[in-house]
Amino acid sequence: MNVTVNVSRKKGPLYLQIKNILKDRILHGVYPIKTNIPSEPQLENEFNVSKITIRNAIKELVQEGYLEKKSGKGTKVIRNTSASKLSKGKRFTEVLVEEGHKIQRQLLQAEVVCNEEGTEPYRLFGEHCLRVERLYHLDDIPYIHYTHYVTTQIEGTERSDLNTQSLYEVIEEQDISLEKFRDQFAVAIAPSYVEDRLHVKRKTPLLKRLRYSYDEMGNLIEYSEGYYNTEMQHYVVNYDV
């Protein structure tokens, strides 16, 4: 699932865009802990930018404690977790990455849609919202399917941004600060198209997760529906005391 990476000066400093992409890869196990990231010339070629741009991106990640750079030995990943607003504990994907797994995020669709009356997206957002459909692969096997419904405040977001960044990073780049989250969990049968995406048999019970995300004023910004194939991997939450 190779994705063409586009960075543009219109979206801010190039080194910060590249830093965020590299950080996202670290957090999802694409660059495993205690291994070296690609060399500077390789990254220059991938992003089609100058040596100084790559070095500035790496410098930021070194300062944040994700990378360690040693002369003649390359640049090593030394940390693969981040501070998260979502809880005092670690995010589920971070737990999996720490255990040696690789998580890959695949954007399936992103478009403004008309919500059907009587549905939860219609109740929350009215007639229109941005719908983002994603599939997460655990060690190259489909594992989680997510459908996000987002306020049309961010409908101008480029598809390439959603390919390379988490949805929450894209939201925050629109100067929207998410301050409150509410999760609901249940066991449910997924829609048939989700079962097809996850390669599970019809009527297989899956873990269903609903999330409501709010800004500092209490306005709902995002609602999402996620389905996890827990036969592959249980949902785990670790809390640091």
Side-chain angles (χ1 to χ4, degrees), residues 1-85 90-91 93-94 96-98 100-111 130 132 134-137 139-140 148 150 153-178:
M1 292 183 301
N2 293 323
V3 176
T4 300
V5 179
N6 295 315
V7 292
S8 167
R9 295 188 186 280
K10 293 187 293 184
K11 296 185 287 185
L14 296 179
Y15 79 95
L16 288 179
Q17 295 175 54
I18 294 168
K19 169 211 154 184
N20 288 333
I21 292 169
L22 298 180
K23 179 177 174 180
D24 188 77
R25 292 175 182 177
I26 291 169
L27 295 179
H28 286 83
V30 178
Y31 301 151
I33 196 162
K34 297 183 180 178
T35 66
N36 285 358
I37 66 171
S39 68
E40 290 181 6
Q42 287 176 303
L43 293 173
E44 289 167 36
N45 184 60
E46 177 184 0
F47 293 103
N48 193 28
V49 296
S50 68
K51 183 186 298 290
I52 189 64
T53 299
I54 293 299
R55 286 186 175 175
N56 284 338
I58 290 173
K59 180 180 177 182
E60 290 275 323
L61 292 170
V62 169
Q63 290 175 342
E64 291 184 13
Y66 290 97
L67 298 175
E68 179 181 65
K69 191 172 182 180
K70 288 189 176 180
S71 179
K73 294 186 178 180
T75 305
K76 184 190 295 184
V77 178
I78 58 172
R79 173 180 155 213
N80 58 7
T81 59
S82 68
S84 172
K85 284 185 181 180
K90 294 172 183 171
R91 293 182 298 183
T93 53
E94 293 183 356
L96 295 179
V97 169
E98 279 195 326
H101 296 288
K102 179 175 66 175
I103 305 291
Q104 290 173 285
R105 182 176 56 232
Q106 179 185 7
L107 177 64
L108 302 176
Q109 230 175 3
E111 60 183 352
L130 175 65
V132 178
R134 275 192 165 138
L135 189 64
Y136 290 79
H137 296 250
D139 301 325
D140 300 320
H148 304 270
V150 192
Q153 286 177 255
I154 69 163
E155 67 181 70
T157 299
E158 295 183 23
R159 186 183 176 95
S160 60
D161 293 337
L162 292 167
N163 261 325
T164 56
Q165 294 177 268
S166 77
L167 178 62
Y168 298 121
E169 287 174 338
V170 172
I171 289 173
E172 291 191 351
E173 285 182 356
Q174 303 292 321
D175 293 326
I176 299 172
S177 178
L178 297 177

Measure the spacing between NE2 of His28 and NZ of Lys102 and express it to the nearest 0.5 Å.
12.5 Å
Grab the two heavy atoms, one from Ile18 and one from Ala57, that are nearest each other, plus how far apart they are.
CG2-CB, 3.9 Å
Listed partners of Lys59 passing salt bridge (Lys or Arg N to Asp or Glu O under 4.0 Å), at least two apart:
none
Is a salt bridge present between Arg25 and Glu46, judged by a nitrogen-to-oxygen distance below 4.0 Å?
yes
By salt bridge (Lys or Arg N to Asp or Glu O under 4.0 Å) - contacts of Glu44 (at least two apart):
Lys51
List the steps and the verdict of side-chain contact (heavy atoms from CB on, under 4.5 Å) for Leu108 and Gln106.
CA-CA 6 Å; Leu108 302 176; Gln106 179 185 7; 3.8 Å; yes
Is any side-chain heavy atom of Ile58 less than 4.5 Å from a side-chain heavy atom of Leu67?
yes
Counting distance only, does the side-chain N/O of Asn20 pair as donor-acceptor with the main-chain N or O of Leu16 below 3.5 Å?
yes
Do Tyr66 and Leu27 pass the side-chain contact (heavy atoms from CB on, under 4.5 Å) test, and can you show the C-alpha distance, the side-chain angles, and the key distance before you say yes or no?
CA-CA 9 Å; Tyr66 290 97; Leu27 295 179; 4.0 Å; yes
Should Phe47 and Ile21 count as side-chain neighbours, where that means a heavy-atom distance under 4.5 Å?
yes
Charged N-O contact under 4.0 Å between Lys23 and Glu169:
no
Would you say that more than 12 heavy atoms from the other residues, nucleotides or ligands in this model lie under 6.0 Å from the CG of Asp139, or not?
yes
I need the Lys19 NZ to Leu14 CG distance, nearest 0.5 Å.
14.5 Å
Over 60° means perpendicular and under 30° means parallel, so classify the ring planes of Tyr168 and His148, tilted if in between.
perpendicular
Rounded distance (nearest 0.5 Å) linking atom OG1 of Thr53 with atom CG of Asn48
10.5 Å
With a 4.5 Å heavy-atom cut-off, do Leu135 and His137 have their side chains touching?
yes
Where is the tightest heavy-atom contact between Ser166 and Asp24, given as atom of each residue plus distance?
N-OD1, 4.2 Å
Nearest-0.5 Å distance that lies between atom CD1 in Ile78 and atom NZ in Lys34:
11.5 Å
Evaluate whether atom NZ of Lys76 has more than 12 neighbouring non-hydrogen atoms of other residues, nucleotides or ligands under 6.0 angstrom away.
no
May I ask you to decide if Glu40's main-chain N or O and Arg55's side chain share a donor-acceptor pair within less than 3.5 Å?
no
I'd like to check Ile37 versus Leu43 (side-chain heavy atoms, cut-off strictly below 4.5 Å). Are they in contact?
yes
Indicate yes or no for a side-chain donor-acceptor contact from Asn80 to the backbone of Gly29 under 3.5 Å, with no hydrogens or angles considered.
no
To the nearest 0.5 Å, what is the distance between CD1 (Ile171) and CG (Leu130)?
9.0 Å
